[in-house]
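Since the structure comes first, as structure tokens, the remarks are kept for the end.
For reference, positions follow the sequence shown, starting with 1. Each ligand, and each atom within it, is numbered from 1 in the order the structure gives.
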Amino acid sequence: MPWKTSAIYYGGDYNPEQWDRETLAQDIPLMKQAGVNMVTLNVFAWGELEADEGVWDEDGFSRLGERIDSLVDAGIAVDLATGTASPPAWMAKKYPDSLPVTKAGVRLGFGSRQGYCLSSPAYREGVVRLSREVGRRFGHHEGVALFHINNEYGCHINECFCDRCGQEFRSWLQRKYGSLQALNDAWGTAFWSQRRRSWEQIDPPAQMPTFPNPAQLADWRRFNNDQLLGLYRLEKAQLNEIAPQVPVTTNFMGYFPPLDYRQWAREVDVVSNDEYPDPADPAAAAELAWSADMQRGYKGKSWLTMEQAPGAVQWRAANATKRPGQWALWSLAQIARGADGALCFQWRQSVAGAETWHGAMVPHVGTENPHWKEMVALGKQLANLSPVAGTPVKADVAILVDWQSEIIRSTAIGPVPHSWLGQARAWHRSLFEAGITADVVGSDADLSGYRMTIVADMAAPDKELAKKLEKFVAGGGQLIATTGTGRFTPAGKATQGGYLGELTSLFGVNVEGTLYGSNAAEADVVTEGEDEHLGGSTPPGSPAGGPDPRVCRITAAIGAPASKRYVGLETVDPALERALDSLCEVRPALRGRTRADAIRVDDAEAIAFFTDGIASDLNGQAAICKRKVGKGQAWYVGTDLDFAGRAAVLALVGAHARIRPTLPDAPAGVEAVKRGKVLFVLNHADKAAELAGIVGTDLLSATQLSGHVLLPPRSAIAVWQ
Ligand code: GLA
Ligand code: ZN
């Protein structure tokens, strides 16, 4: 059933099974006070509902039924979970092989959560039984607005190395390859004596002496995605049969590498997402934006924020709490980018169990405190925001991501450590800092509505994509691709004859090889401390250290560019120079990190060249190239540019694409996003921000703004324009 909403949802996971009647009696009045209009029930309540195999606990069901009734009477919608996320104790005892097995062959014990083997018949049967029973009893209840299937699939257990999973893996491979010969060829088993002569010789990639076969590991990842998706489909089929009028979802975890969420998104009626940025991380605002742009991209539609923490979590090494205002600010930051809800984990803070010290809307201390005031204040704001429910966000820039490329790249051994979508995130971060909204979409996305497309470090683009990009550029689009792109064929083998593969002719350059530097371990460019380069300070790791030439006559005389931690570039291109000058008062150095491509320029114009650092052996050779194709241009960037480099390239290419920030000249710390007719301005900074020229009704406070606005620290406005 398609999902439609005319409200912004507010509330969270509600676990009444943890509470006595007296406490429960307080919940609904408090929910009304806070403006809660949706809660998620029954996520981990299997143990309350099924006393033994096939034996329903009628008390458990009637307590659940009563809660649904009272919520509905109070006008609070229910997102009803099937409750299959954690099987009960009897299952572990009766079917020990329903418990998952680790890579090292250890069968895990009962007593935590998500304790199931992905292929366990007992678990599958239990899932069918429970989801049908929940659907049968409550699926036609007027208050059930949404089914919440399972919970965070794969969060703790996304692979199981038991014999049954091994058997299912073999069947999966048989279906995929048809013949052993095809498998041997795809896996390259001629290497290291790995040839399989019967299907029985294939097992899951358990703990091994050294590197596993990358193709085997990649297939194992794909197989486990399919196993989990199969479990989801199994539940969905039951619910669709019993209560087809109720839309279904399962909550995603932002970007979760083991699962191909783009594929999953096609099978949920509404995308829902759990979002736990770390309040101790200054880049949390950027992370939120990245994840939100990705959620929106999964289906090209609005989605629900299903979970976030109303304070601190308990599961990090250091559990920073949200700062005053941040609860509302971060909720609104997601709504600005297309969320139709700000739900959380959880309504009432537990007094027992593993999540006792996780924040909640109603904390241990009760409701006479500033925390509760914030909970209530956001509820009021969200009630005013219903005009944005379901409305779209329009972006001019597409960042393309590709799960198969990430699987291939992450299972390859070297040449640089893999960081999940590290470069795509880095470019997104730079767009975020520049105030430009981007869609994060799959390589299969329709690009016709975009003016700029970024393909960052996409390991295995295919022919289809190459054709689509050619069309995009010829039709007037600006395309940026970066180092790392095209290294593999879609089947996961190394690209021959030039690393850009299918994209070589579009960019008019042939990538003949790559130099790697010593900063490879810092591949996660999002959290790097590279701002120190601004203003051209000494590159880290350069002259200091190394052998003393007075006593090391030979080794001290040997240069080793690969020991450097940066890639030096220079440009004489006036437009790129202007772009660099536009960033700050002193022109920042143009630099990259990690990788420098050896580029042969066939049919393109080089606008920047390598100079020193890791790239010193490429001195004078092309580093950034552009090529005119039809009405557009294709830009190739042969290194992992740092913040300044990316900002400069975006300024340059963005000008060609005529892309402007949502709120030009926004003050420091201020994010601005347009959703439908509403301009969200979010001040993430610690000090008030002065805005000029803001005219319209602020929906959050229901006041008229007529130009000058002083936005307090960590607060937001949503202006209807
Ligand atoms: C996940 C789970 C919740 C809860 C939170 C705690 O998102 O879905 O059940 O454990 O984490 O942060
Ligand atoms: Zn298993």
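- Between Phe138 and Phe61, the ring planes lie tilted relative to each other; the angle falls in the 30° to 60° range.
- Using cut-offs of 30° and 60° on the angle between ring planes, the pair Tyr123 and Trp46 is tilted.
- In this structure, Arg262 fails the cation-pi test against Trp403, since its NZ or CZ atom is not both closer than 6.0 Å to the six-membered ring centre and inside 45 degrees of the ring normal.
- Ring orientation note: the planes of Phe169 and Trp172 are close to parallel, at an angle under 30° on the 30°/60° scale.
- Ring-plane geometry between Phe432 and His428 is classed as parallel, the angle between the planes falling under 30 degrees on a 0 to 90 degree scale with a further cut at 60.
- Residue Gln314 places no heavy atom under 4.0 Å from ligand 1.
- Among all protein heavy atoms, the one lying closest to atom 9 (O) of ligand 1 is Arg113 NH1, 3.0 Å.
- Geometry note: the Zn ion (ligand 2) is the vertex, Cys160 SG and Cys165 SG are the arms, and the angle is 110° (rounded to 10 degrees).
- Residue-level proximity to ligand 1 for His156 is absent, since no heavy atom of it falls below 4.0 angstrom.
- Using cut-offs of 30° and 60° for the angle between ring planes, the Phe161 and Trp220 rings count as tilted.
- Of the angles at the Zn ion (ligand 2), the one spanning SG of Cys117 and SG of Cys162 is 110° when given to 10°.
- The atoms of ligand 1 that sit less than 4.0 Å from any heavy atom of Glu355 are 4 (C), 5 (C), 6 (C), 10 (O).
- Atom numbering of ligand 1 starts at 1 in the shown order; those under 4.0 Å from a heavy atom of Phe44 are 9 (O).
- By the criterion of a heavy-atom distance under 4.0 Å, the side chain of His358, and not its backbone, is placed next to ligand 1.
- In terms of protein heavy-atom proximity, atom 11 (O) of ligand 1 is closest to Glu307 OE1, 3.7 Å.
- Ring geometry, Trp90 versus Tyr95: the interplanar angle exceeds 60°, so the pair is classed perpendicular (tilted spans 30 to 60°).
- Residue Trp315 approaches ligand 1 through these ligand atoms, each under 4.0 Å from one of its heavy atoms: 6 (C), 12 (O).
- Under 4.0 angstrom from ligand 1, the non-hydrogen atoms of Asn151 all belong to its side chain.
- Using modelled atom types, one finds no donor on one side chain facing an acceptor on the other under 3.5 Å when comparing Asn273 with Trp303.
- Shown in contact with Asp274 at under 4.0 Å from a heavy atom are these atoms of ligand 1, numbered in order with element: 7 (O), 8 (O).
- At the shortest separation from atom 5 (C) of ligand 1 among protein heavy atoms lies Tyr276 OH, 3.3 Å.
- Here is the list of ligand 1 atoms found below 4.0 Å of a heavy atom in Glu152: 1 (C), 2 (C), 7 (O), 8 (O).
- A donor and an acceptor atom, one from each side chain of Asn15 and Gln346, are located under 3.5 Å apart.
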